[in-house]
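Worth saying up front: this structure is predicted, and the values here are computed from it rather than measured.
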Amino acid sequence: MIEIIAAVAGIVAGVGGKFVYDKQRVASSRHNAEKEIARAERKASEIVLKAKDDALRLEQERRREMQKVESRLADRETTLDKKLDELDRRSERLRTAEDEVESLKGEVREIRTKQQEKLEKIAGLKKKDAAEKLMLMTERDIKDDLLGLVAKLQKDAIDDAEEKAQLVIVSAMERMASEVTAERTVTAIKLTDEEMKGRIIGKEGRNIQAIQRATGVDILVDDTPGMIVLSSFDPIRRQVARIALEMLMKDGRIHPGRIEEVVAKAEKQIEKEVVMAGEDAAREVGVTGIPKELLKLVGELKFRTSYGQNVLMHSVEMAHMAGLIAEEVGANVRVTKTAALLHDMGKAVTHKVEGKHHHIGAELAQKAGMSPEICHAIEAHHDDIDATTPEAMVIRVVDAVSAARPGARNISAENFSERMRDLENIATGFKGIEKAYAISAGREVRVMVRPESIDDLSAIKLARDIANKIESTMQYPGTIKVNVIRETRAIEFAK
C-alpha cells in the first residue's frame, strides 16, 4: 500500500515539475515575443518617419519647381503683353501712314490732272492724240532697228529650222528609194487575132454585154486596132476584167455561162492578191496587229494611182520614211509607221462612201479599233484639220516629201500651167502689187510691189498674207517660197 502511495506521489511530483517547467518556458517565449514586437514597432515607426520626411522633401521640391514655372510664365506673359502693346502702337502708326499716303496720292492725282489739262491746253492735243503722235514718232525713229531685228530673228529661226529639218528629212530620203509605176483609168489587152475580137463580141454582142454586166467595166473593141480597152474608175474591176479576158482568150471557149464562171474565178484571184499585197506591205514596213479588214483596203491600193503615183507603193515608201524621221525626232515609231501605211486607205472606198479620203480612212481605223493617235494622224495628213501630235506632223511631212520628190507623180502640162497661173493670180489679188511671177516650177513666187504704196514693214506682212492665202486655197506638194521685192529709186536732175 505504501509502495502504491509512493508511486502516486512520485507521479504527482513529476507532473507538477513538468507543469512548472512548461509554465516557465511559456513565460520565456511570451517575453521574447513581446521584445520582438517592440523591436518591430520601433522599426515601423522609423520607416513611417522616414517616409514622412521623404514625402515632405518631395513636396517641398515640387513646390519649388511650381514656383519656378509660375515665375517663368509670369515673365513670358509680361513679355507678350509688351509685344502686343508694341504691335498695337505699330498698327496705329501704319494706319496713320496709310491715311497720309492716300491723302498724298489724292493730291498727286489732282496735281497730275491739272498738269495734264494745262499740257493739253498748251499743246492743243488730247492725251490720246498725243500718245498716237508719240507712237508715230517712236516708230519712225526705231523703224530701221525694228526691220533689222525682225529680219535677223526670221533669218535665225529659218536657218535653224531648215537646217534641222533638212538633216532629218534628207537622212530619211537618202535611205529610201522606190520605183514608181504610172497607171491610168484604162487598161489595154492585146488580141491574138481579129477573129478573137469577133468571138469576144459574140452574136449580136451578147458576149461583150455579159462581160460588162459581170465585171462592171466598159469594154472598147474598135478604138485601137488589135487591142481591147477596159475603162473603169474602179481599178479592182478593171483588173478582174483583164484577168477574165486573158483566161477566156487562152481557153477559147467564150459564151455567157463560161464568162460568169471565169469572172468568178478572176474575182477570187484578185481578192487573194489584194489580201496578199496588204500583208506583204505590213510585213515589209515591220508593222503588226493591223486588222485584216484594214489590210485588205491597203492591198486594194495596189491597183489605185494618184497623179500617176501608185498609192500602195507611196504608202509603203511613206511608212519607211516616217519610221526613220519618227526615230530621229523622238515620236512613237510604231504609231507613225502604222498611220503612214494606212493614211490613204480611204481612197480604196471613196467611190463607195461620200467624203474626203483622209476623213474616211480615220473613220474606218476608228471602227476597226485603232488607237486615237493613229486615227488622228490619218485624218490630219491634209491641211483641213490641225495636226496636234508629233506623229501626225511626221505623217504630213513625209506625205509631202513622197509626193513632191522628182518623178513621183505625172502631172500634165495643162495642170502645171494652171497652177502657175493660180499662184500669180493670188499674188496680184493684193493691193499695192505691181507684178507677180511664178518661177522654179511653181516653187517660188516673186512679187514686185509699188514702193510708194508698201513700206518695208508692210512688205513683211504682205509676204505672210500671200503665203497664208496660198496655203488655204491651193493644193500642192512641198513648199512654195513667197518673195516680196520692194525697190526704191531716188532720181534727181542737176540743171
Evaluate E36 against R39 for salt bridge (charged side-chain N to carboxylate O under 4.0 Å, His left out), listing each step before the verdict. CA-CA 5 Å; E36 291 295 329; R39 189 182 299 113; 2.6 Å; yes

Evaluate the criterion side chain to side chain contact (heavy atoms under 4.5 Å, CB included) for residue pair K83 and T79; output intermediate values, then yes/no. CA-CA 6 Å; K83 289 184 178 180; T79 303; 4.0 Å; yes

Let me see the working for I466 and V445 under side chain to side chain contact (heavy atoms under 4.5 Å, CB included), right down to the final yes or no. CA-CA 10 Å; I466 294 174; V445 183; 5.6 Å; no

Any side-chain to backbone donor/acceptor pair from K337 onto V285? Under 3.5 Å, distance only. yes

Is D85 atom CG crowded by more than 12 heavy atoms from other residues, nucleotides or ligands, each under 6.0 Å away? yes

Which of these passes side chain to side chain contact (heavy atoms under 4.5 Å, CB included) with M345: L295, L297, L312? L297

Donor-acceptor pair, N332 side chain versus R334 backbone, under 3.5 Å? yes

Hits for ring pair (Phe, Tyr, Trp, His ring centres under 6.0 Å) against H376, two or more places apart or cross-chain, chain-then-number order -> none

Nearest 0.5 Å please: distance from the CE atom of M66 over to the NZ atom of K68. 13.0 Å

Residues Q60 and R63: side-chain donor-acceptor under 3.5 angstrom: no

Separation of D53 CG from L58 CG (nearest 0.5 Å): 11.0 Å

Rounded to the nearest 0.5 Å, the NZ atom of K481 sits from the CD atom of E444 at a distance of 5.0 Å

Closest non-hydrogen atom pair between V482 and A463, with its separation: CG1-O, 3.9 Å

For V398 against M318, the heavy-atom pair lying closest together: CG2-CE, 3.5 Å

Can you tell me how far OG of S371 sits from CD of Q366, rounded to the nearest 0.5 angstrom? 11.0 Å

State, to 0.1 Å, how close G216 and R237 come at their nearest heavy-atom pair, and which atoms those are. O-NH1, 3.8 Å

Just checking, any donor-acceptor pair under 3.5 angstrom between side chains of H358 and D344? no

Looking only at side chains, do N468 and R464 share a donor and an acceptor under 3.5 Å apart? yes

Using atom types as modelled and distance alone, determine if a side-chain donor or acceptor of E379 lies under 3.5 Å from a backbone N or O of A362. no

Determine whether V48 and K52 make a side-chain contact, defined as any pair of heavy atoms from C-beta on separated by less than 4.5 Å. yes

Check whether any side-chain N or O of T338 sits under 3.5 Å from a backbone N or O of V335 as a donor-acceptor pair, and report yes or no. no

Has D399 got a side-chain atom pairing as donor or acceptor with I395's backbone, closer than 3.5 angstrom? no

Treating R486 as the side-chain partner and P451 as the backbone partner, does any N or O pair qualify as donor plus acceptor under 3.5 Å? yes

Are E46 and K50 within salt-bridge range, i.e. N to O under 4.0 Å? no

Looking at side-chain heavy atoms only, is the closest gap between L423 and I480 below 4.5 Å? yes

When you measure from the side chain of H381 to the backbone of I378, do you find a donor-acceptor pair of N or O atoms at a distance under 3.5 Å? yes

Verdict with supporting geometry, V69 and R72, side chain to side chain contact (heavy atoms under 4.5 Å, CB included): CA-CA 5 Å; V69 172; R72 286 198 300 270; 3.4 Å; yes

Between F303 and N310, is any pair of side-chain heavy atoms under 4.5 Å apart? no

Between the CE atom in M370 and the CG atom in L364, the distance rounded to the nearest 0.5 Å is 12.0 Å

Applying side chain to side chain donor-acceptor pair (under 3.5 Å), run through D81 and T78 and close with a yes or a no. CA-CA 5 Å; D81 291 339; T78 303; 5.5 Å; no

Closest approach of S315 to L301 (non-hydrogen atoms, all atoms of both residues): OG-CD1, 4.1 Å

Verify, without hydrogens or angle tests, whether H343 (side chain) and A340 (backbone) share a donor-acceptor contact under 3.5 angstrom. yes

Has T473 got a side-chain atom pairing as donor or acceptor with K469's backbone, closer than 3.5 angstrom? yes

With sequence neighbours left out, write down each residue that passes side chain to side chain contact (heavy atoms under 4.5 Å, CB included) with R95, or none if nothing qualifies. S91, E92

Which pair of heavy atoms, one from G432 and one from I454, lies closest together, and at what distance? O-CG1, 4.0 Å

Provide the full list of salt bridge (Lys or Arg N to Asp or Glu O under 4.0 Å) pairs with a residue in residues 269-286, sequence neighbours left out, each pair given once. E271-K296, E273-K302, D280-R283

May I have the step-by-step check of side chain to side chain contact (heavy atoms under 4.5 Å, CB included) for I485 and V449, ending in yes or no? CA-CA 6 Å; I485 301 173; V449 300; over 6 Å; no

Can we say R89 and E86 salt-bridge, meaning some charged N sits less than 4.0 Å from an Asp/Glu carboxylate O? yes

About how many Å separate CD1 of I460 and CG of D465, when rounded to the nearest 0.5 Å? 12.0 Å

Please determine if D54 and R57 form a salt bridge, counting it only when a charged side-chain N lies under 4.0 Å from a carboxylate O. yes

Here the pair of heavy atoms bringing E293 nearest to A368 is OE2-CB, 3.8 Å

